[in-house]
Amino acid sequence: MALPLPHTQVAIRAATPEDLPQVLEIESLAFEKHWGPFEFKASLEDIFLVAEEPAGGHLLGFIVACCCRLSRRGVILRLAVHPDSRRQGVARSLLEAAFEELRRQGLSEVVLDVDVVKGGARKLYEEMGFQVAEVISLCQEDEEESFYVMRRPL
Ligand SMILES: CC(C)(COP(=O)(O)OP(=O)(O)OC[C@H]1O[C@@H](n2cnc3c(N)ncnc32)[C@H](O)[C@@H]1OP(=O)(O)O)[C@@H](O)C(=O)NCCC(=O)NCCS
């Protein structure tokens, strides 16, 4: 199993238009239902962070979040790490950086949805302080159609 990367080996920064080809590649490896260039271009206006190797500029993963000022909540919309770089703490670093940015914007809570079938992602979020607030089932017989709404104070 891969050893955790020390934080100094993961540089977190705001995404730029030049990152989109690598982001789209990671997206295609991480999800069945993909976001396309339109969603990622629009996300450049929001909190859109990438993790990269400081030396090579090679992207390891990304996170997209937005701010709902009315409810004073942040929403994590997308999080993915390249399959070759998983279980090394990259998602943890991306989440911590997104929390910091959401706090900087004066928000007090962060929420996200995670599919019930994604047990690994749920474990990650619980480790990062999220708790299940609600279970939504779109189809009673099919677990693949169910997801958790998770929340965490900032
Ligand atoms: C979920 C995902 C973002 C995790 O990224 P990652 O960089 O591998 O996560 P981290 O290394 O920061 O994991 C931190 C902890 O979360 C838990 N965790 C993460 N992935 C896990 C998995 N597949 N199974 C079990 N636990 C997992 C572990 O406790 C891990 O700590 P450990 O490695 O010391 O045991 C990545 O697997 C991914 O991109 N998956 C596909 C896209 C996806 O499902 N995104 C989330 C949608 S809601």
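Reckoned from all heavy atoms, side chains included, excluding hydrogens, waters and symmetry mates. Whatever order the structure lists them in is the order used to number ligands and atoms, beginning at 1.
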Does [X], backbone or side chain, put an N or O under 3.5 Å from an N or O of ligand 1?
X      : answer
Gln88  : yes
Ala121 : no
Ser85  : no
Gly89  : yes
Val81  : yes
Tyr125 : no
Phe31  : no

Evaluate side-chain contact (heavy atoms from CB on, under 4.5 Å) for Phe130 paired with Val110, printing each intermediate quantity in order.
-> CA-CA 9 Å; Phe130 286 87; Val110 57; 3.8 Å; yes
Nearest neighbour of atom 38 (C) of ligand 1 from the list Glu32, Arg92, Glu126, Arg86, on a heavy-atom basis =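 Among Glu32, Arg92, Glu126, Arg86, the closest heavy atom to atom 38 (C) of ligand 1 belongs to Arg86.
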Closest to atom 5 (O) of ligand 1 (judged by heavy-atom distance), picking from Ala91, Gly120, Gly119, Ser93 |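 The nearest heavy atom belongs to Ala91.
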What's the verdict on side-chain contact (heavy atoms from CB on, under 4.5 Å) for Asp113 and Tyr148, showing C-alpha distance, side-chain angles and the deciding distance?
-> CA-CA 6 Å; Asp113 297 343; Tyr148 299 113; over 6 Å; no
Using a 4.0 Å cut-off to any heavy atom of [X], which atoms of ligand 1 qualify?
X      : result
Val114 : 48 (S)
Ala30  : 41 (C), 42 (C)
Ala80  : 39 (O)

May I ask you to decide whether Arg13 forms a salt bridge with Glu52, counting only side-chain N to carboxylate O separations under 4.0 Å?
->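 A salt bridge links Arg13 with Glu52.
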salt_bridge(Glu101, Arg104) N-O dist < 4.0 Å |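 Looking at Arg104 together with Glu101, the answer is yes, because their closest N to O distance falls below 4.0 Å.
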Side chain, backbone, both or neither: which part of [X] comes within less than 4.0 Å of ligand 1 when only heavy atoms are counted?
X      : result
Glu127 : side chain
Phe62  : neither
Lys118 : side chain

Going through the checks in order, is the side-chain contact (heavy atoms from CB on, under 4.5 Å) test met by Ile47 and Cys66?
-> CA-CA 6 Å; Ile47 298 172; Cys66 67; over 6 Å; no
CD (Gln131) with more than 12 external heavy atoms under 6.0 Å =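 No, because the 6.0 Å sphere around CD of Gln131 holds 12 heavy atoms or fewer from other groups.
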Glu39 side chain vs Gly36 backbone, donor-acceptor pair below 3.5 Å =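 Yes: the side chain of Glu39 pairs with the backbone of Gly36.
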Parallel, tilted or perpendicular: ring planes of Phe62 versus Phe40, cut at 30 and 60 degrees |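 Rings of Phe62 and Phe40: perpendicular, over 60°.
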Side chain to side chain contact (heavy atoms under 4.5 Å, CB included), paired with Gln22, selected from Leu59, Val50, Leu60 |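 The passing option is Leu59.
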Distance under 6.0 Å and angle within 45° of ring axis: Arg78 vs Phe48 =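 Not satisfied by the 6.0 Å and 45° rule.
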